[in-house]
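Let me begin by presenting the structure, written as structure tokens, before commenting on it.
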Protein chains: 2
Amino acid sequence: MSSDVVTDRLRTALLAGQYAPRQRLIETELAADLSVSRSAVRNALLQLAAEGLVEMQLNRGARVREISLAEAVEITEVRQGIESLVAARAAERVTDEQAEELRELGERMSDAVVRGELVAYSDLNAALHARLREIAGHETATRIVEQLNGQLVRHQFRLAMLPGRPGRSLPEHLAIIDAVRARDAEGARAAMAAHLGSVLTTLAALEDGSGRRA
Amino acid sequence: MSSDVVTDRLRTALLAGQYAPRQRLIETELAADLSVSRSAVRNALLQLAAEGLVEMQLNRGARVREISLAEAVEITEVRQGIESLVAARAAERVTDEQAEELRELGERMSDAVVRGELVAYSDLNAALHARLREIAGHETATRIVEQLNGQLVRHQFRLAMLPGRPGRSLPEHLAIIDAVRARDAEGARAAMAAHLGSVLTTLAALEDGSGRRA
DNA sequence: GGTGACAAGATTGTCAACAATCGTGTCAGC
DNA sequence: GCTGACACGATTGTTGACAATCTTGTCACC
């Protein structure tokens, strides 16, 4: 169905931050922009609403869903539970080849931090979590974490740009990698839980510090 | 929108086990049955596909999604992570009134087991988990656990009917209730993790024992 | 100057018809 | 008797038009 293509295009646009939070998404406009029929857009919006990227109100159409800091905290708490499982599972199933890959990934992360390449580090961060999910091979966990991640993009971006944040999160990431490479499931679980715990405290600090509406 | 009503009706029908797994859901038929337009049914099916209750294939429409035992295990593993969080949060936030409610719920569960009322026990089981989610007040966790639960109904039902299963799960439930009533967050987390761990071993036993296709 | 009713415009929700696709049964050819 | 092409029926995917609803701007009235 062409709706699927439309859904993908809209999703990537949303994830790229192409539309502002709370912005109205008018079906006719989007249909014209993407040069597809309104129903295709409509279906896509329904789909994205189910994924939590947009919110729909009766007779008022779709808006870009704004994720508050409080929600970001909730989402990260849930991620903590699931990704710990993923890390443990990855430690149990990692192959030698994958272990070597993870080692290289860790080196590249260190390099990026040393060189102050924040965006690159942020990308590698996402890549690491994604690679762990692949290694774990846990479809349900993967599906849900990715759904949750989609809702977080904006906040994750903000977080990575905080001064001093990379210096704190890098060793956490390296600890996860080490535990997985050592096939230490419980160690990997704990390292991942600690890492997301650190994300949570950072978010909580933001919650007190900065304003509500940013 | 009328699609929402249709979605709800279809969802409850699916959760009630009114359609067999892998059964095709033909839009025209459902539209006639519910006496609504086909588009309403179509939207509902898309929605339910996003929730994981049905699966859609291009040009081949919707089927009731069959959840394999392996998937049930995955789902329960994820639930273990999230519901542990819920239990801990509930222990932190429970009011005196809610604590009393939980105590009564525990008594009713014990009664049901003593009297051998399996269906009632199964219902109370679901009610306990739901009440804990309410007490925890964690919207994200609630949303995801309920989504996952929807996919499990069939297996949960099978599980509750296993001989000896209520005798094993009752004390686990009571332990959760006690920890929450004692405001012992870590205890509640551990009790919930242990409970779902016990569900997991039971599921694993089923996986070896019975055939694949049941 | 402010408030409420009303009308116009914009936008969404619903429907029925049309086009595209798939699965199945039939039949010719070997 | 078996295989593959073909056509038919069933079902889904898409489109455009129409109805219902909300929002905004205007104006009379207090």
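Taking atom CE of residue A/Met56 and atom C1' of nucleotide D/dT21, one finds them 14 Å apart after rounding to whole Å. Protein atom CZ of A/Arg42 is 7 Å distant from nucleotide atom P of C/dT14, rounded to whole Å. Separating the CD atom of B/Gln23 from the P atom of D/dT11 is a distance of 13 Å, rounded to the nearest angstrom. Taking atom CD on B/Glu27 and atom P on C/dT14, their separation rounds to 16 Å, with Å as the unit. Between the P atom of D/dT12 and the CG atom of A/Asn43 lies a distance of 15 Å, rounded to the nearest Å.
In this structure, the side-chain contact (heavy atoms from CB on, under 4.5 Å) partners of B/Ala188, at least two apart in sequence or on a different chain, are B/Ala87, B/Ala91, B/Ala179, B/Val180. Applying the salt bridge (Lys or Arg N to Asp or Glu O under 4.0 Å) rule to B/Glu29 yields no partners; only residues at least two apart in sequence or on another chain are considered. The side-chain contact (heavy atoms from CB on, under 4.5 Å) test applied to A/Glu107 returns A/Arg103, not counting sequence neighbours. Every residue two or more places apart in sequence or in another chain was checked for a salt bridge (Lys or Arg N to Asp or Glu O under 4.0 Å) with B/Arg63, and none qualifies.
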Per-nucleotide protein contact along nucleotides 17-24 of chain C, 5' to 3', at a 4.0 Å heavy-atom cut-off (B base, S sugar-phosphate only, - neither), is B---SSS-
Which atom pairs, donor and acceptor, lie under 3.5 Å between side-chain atoms of residues 50-59 of chain B and protein residues at least two apart or in another chain?
| unit_1 | atom_1 | unit_2 | atom_2 | d |
| --- | --- | --- | --- | --- |
| B/Glu51 | OE1 | B/Arg11 | NE | 2.8 |
| B/Glu51 | OE2 | B/Arg11 | NH2 | 2.7 |
| B/Glu55 | OE2 | B/Arg22 | NH1 | 3.2 |

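When heavy atoms are screened at a 4.0 angstrom cut-off, A/Glu29 is found touching no nucleic acid atom at all. Heavy atoms of B/Ser37 sit under 4.0 angstrom from primed sugar atoms or phosphate atoms, though from no base atom. Counting non-hydrogen atoms under 4.0 angstrom, A/Leu45 reaches nothing in the nucleic acid.
Heavy-atom distances to DNA chain D give each of A/Ser39 and B/Ala62 a nearest nucleotide, and the one nearer the 5′ end belongs to B/Ala62.
Ring geometry for A/His195 versus A/His129: interplanar angle of 30 to 60°, hence tilted.
Checking D/dT11, D/dG13, C/dT12 against every side-chain atom of A/Ile26, the shortest atom distance belongs to C/dT12.
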